[in-house]
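What you see below is based on every heavy atom in this structure, not just the backbone, and it leaves out hydrogens, waters and symmetry mates.
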Amino acid sequence: MKRPALGRVLRGILFVAALAFVLKTASDLSRAWDSHAVQVKGVWLTVALGLNLAALYVQGLAYLAILSSWLGQPLDRRPALSVFFGSQLARYTPGKVGLPGARIAGVAALGGSKQQVLVSTIVEVLVWLSVGGVTGILFFAASPFVWITSGSALQFALLGLSILLSALGFKLAALNWAQVRRLVARLVPPLVSRLDGPKDTSPLAPPSSVGWFIAHWVLTILTGGALCLAIGGAMSAAIPAGTTLVLAIVLAFLSFFAPGGVGIREAVLAACAAPLVGAKEATVLGILARIISLVAEVLLWVGSRLLARRAESS
């Protein structure tokens with residue numbers, strides 16, 4: 001079987017598996033939803049969806065910035081984003097193994113080698129988590145009174161975890177590839193030969209990718225704020241609720257065996273946001289955040305696939 005055909009088969013298998021888990025997630029959310037619990041304001045819900053679409057799109061641009069920096073040339077954005085958004089849906093498979101699998105299967109659209117695509121995914125996650133932690137800390141500092149008077153011990157514990165993750169992630173991201181290879185040579189010598197591609201002077205994460213990740217997390221905080229207002233929360237609680245969403249996403253991602261962090265993110269968000277908006281409202285906030293995220297991911301994947309196919313046929 002030719003490699004392009006094999007790649008299509010692998011992408012098809014991963015898509016079917018991811019679709020099954022996405023449908024299961026949607027079914028679980030529909031059962032958990034209580035339409036009588038809280039009155040939801042449609043205008044703010046629409047705003048939240050728009051903000052989340054933008055947040056996920058710039059996250060894709062951040063990943064492309066990392067990979068194109070390593071390759072020394074810009075990527076064809078439409079097919080590359082199609083693979084990226086497909087891999088985001090594939091993370092709903094247990095252990096999130098579908099995410100790197102979908103990217104490796106789509107290596108022809110992303111460019112470079114399979115090793116580069118896999119390593120760039122690891123770097124993306126490190127920088128994504130680090131920037132998320134720093135962004136959460138900065139927004140915490142912007143409204144400390146609300147947190148101190150209404151926050152929970154869990155929120156402060158998660159902020160502490162974010163500081164540690166951010167320090168580690170930015171320490172690694174500041175390295176260039178010569179330093180990375182020396183570090184790997186000391187720790188795992190056989191792996192050095194697989195770190196092909198990037199020049200020794202290339203940064204692990206270019207500044208443009210960090211900029212896109214900052215935009216991603218700020219938009220995510222605004223998404224959480226819009227959702228807070230959608231369930232009738234106070235304006236003063238919007239930004240703290242959005243910051244809590246960031247912390248919940250980070251913690252849920254670290255729960256590797258939960259498909260897409262399902263259940264973990266909702267539980268953390270409900271627990272942390274309860275002092276801000278009320279227990280019943282916080283539960284609805286967690287469910288709405290997942291629904292918005294799921295809808296945005298599906299829309300972006302479908303849209304990117306249509307644009308990629310249009311580019312192939314033109």
Side-chain angles (χ1 to χ4, degrees), residues 53-88 91 96 99-100 102-104 106-139 162-185 187 191-221 246 249-250 253 300 304 308:
L53 284 167
L56 295 173
Y57 182 77
V58 296
Q59 182 185 2
L61 295 182
Y63 176 69
L64 266 58
I66 292 172
L67 198 51
S68 61
S69 171
W70 293 5
L71 298 175
Q73 60 185 17
L75 298 174
D76 190 343
R77 184 174 292 183
R78 285 180 288 187
L81 284 176
S82 175
V83 173
F84 175 82
F85 292 125
S87 70
Q88 291 298 100
R91 83 185 192 282
K96 301 180 180 67
L99 190 151
R103 293 183 183 179
I104 291 173
V107 67
L110 292 173
S113 65
K114 293 180 180 178
Q115 289 85 359
Q116 283 177 314
V117 169
L118 182 59
V119 175
S120 65
T121 298
I122 296 171
V123 171
E124 175 209 5
V125 169
L126 281 173
V127 182
W128 177 74
L129 289 172
S130 301
V131 175
V134 168
T135 307
I137 293 165
L138 291 175
F139 271 82
S162 296
I163 293 172
L164 293 176
L165 287 172
S166 300
L168 175 62
F170 276 113
K171 177 67 175 177
L172 294 174
L175 302 177
N176 60 37
W177 271 98
Q179 296 169 311
V180 171
R181 290 188 175 100
R182 285 197 296 269
L183 180 63
V184 172
L187 300 176
L191 187 59
V192 175
S193 61
R194 295 183 176 273
L195 298 178
D196 60 340
K199 299 177 182 178
D200 285 344
T201 56
S202 297
L204 200 61
S208 58
S209 67
V210 176
W212 286 124
F213 278 128
I214 291 172
H216 162 75
W217 285 116
V218 170
L219 287 165
T220 300
I221 288 174
V246 169
I249 290 172
V250 170
F253 188 89
L300 285 170
S304 64

Show the atom names and distances, to 0.1 Å, of all donor-acceptor pairs under 3.5 Å that link a side chain in residues 211-218 to residues at least two apart or in another chain.
residue, atom, partner, partner atom, Å
H216, ND1, A55, O, 2.7
H216, NE2, W128, NE1, 3.1
W217, NE1, W128, O, 2.8

L110 side chain near F84 side chain, heavy-atom distance below 4.5 Å: no
Over all atoms of both residues, closest heavy-atom pair of V107 and K114: CG2-N, 4.0 Å
Residues which pass side-chain hydrogen bond (donor to acceptor under 3.5 Å, both in side chains) with T220, listed by chain and number, not counting sequence neighbours: none
Pairwise distance OG(S208) to CD1(I66) - rounded to 0.5 angstrom: 8.5 Å
Exercise: identify the closest heavy-atom pair between Q116 and L67: O-CD1, 4.3 Å
Pairs involving residues 61-75, ordered by first then second residue, that meet salt bridge (charged side-chain N to carboxylate O under 4.0 Å, His left out) (sequence neighbours left out): none
Where S69 and P206 come nearest, the two heavy atoms and their spacing: CB-CG, 3.7 Å
Side-chain touch I221/T135, heavy atoms, less than 4.5 angstrom: yes
Minimum-distance pair of heavy atoms, taken over all atoms of V117 and I104: CG1-N, 4.1 Å
Salt bridge (charged side-chain N to carboxylate O under 4.0 Å, His left out): pairs with one or both residues in residues 61-76, sequence neighbours excluded: none
Contact list for residues 119-129, test salt bridge (charged side-chain N to carboxylate O under 4.0 Å, His left out), sequence neighbours left out: R103-E124
side-chain contact (heavy atoms from CB on, under 4.5 Å) partners for S304, two or more places apart: S82, F85
Heavy-atom pair of closest approach, residues L81 and Y57: CD1-CE1, 3.6 Å
Listed once per pair and sorted, the salt bridge (charged side-chain N to carboxylate O under 4.0 Å, His left out) pairs that draw on residues 56-68, sequence neighbours left out: none
Smallest separation among heavy atoms of Y63 and S120, with atom names: OH-OG, 2.9 Å
Nearest-0.5 Å distance that lies between atom CG in L75 and atom CG in L64: 5.0 Å
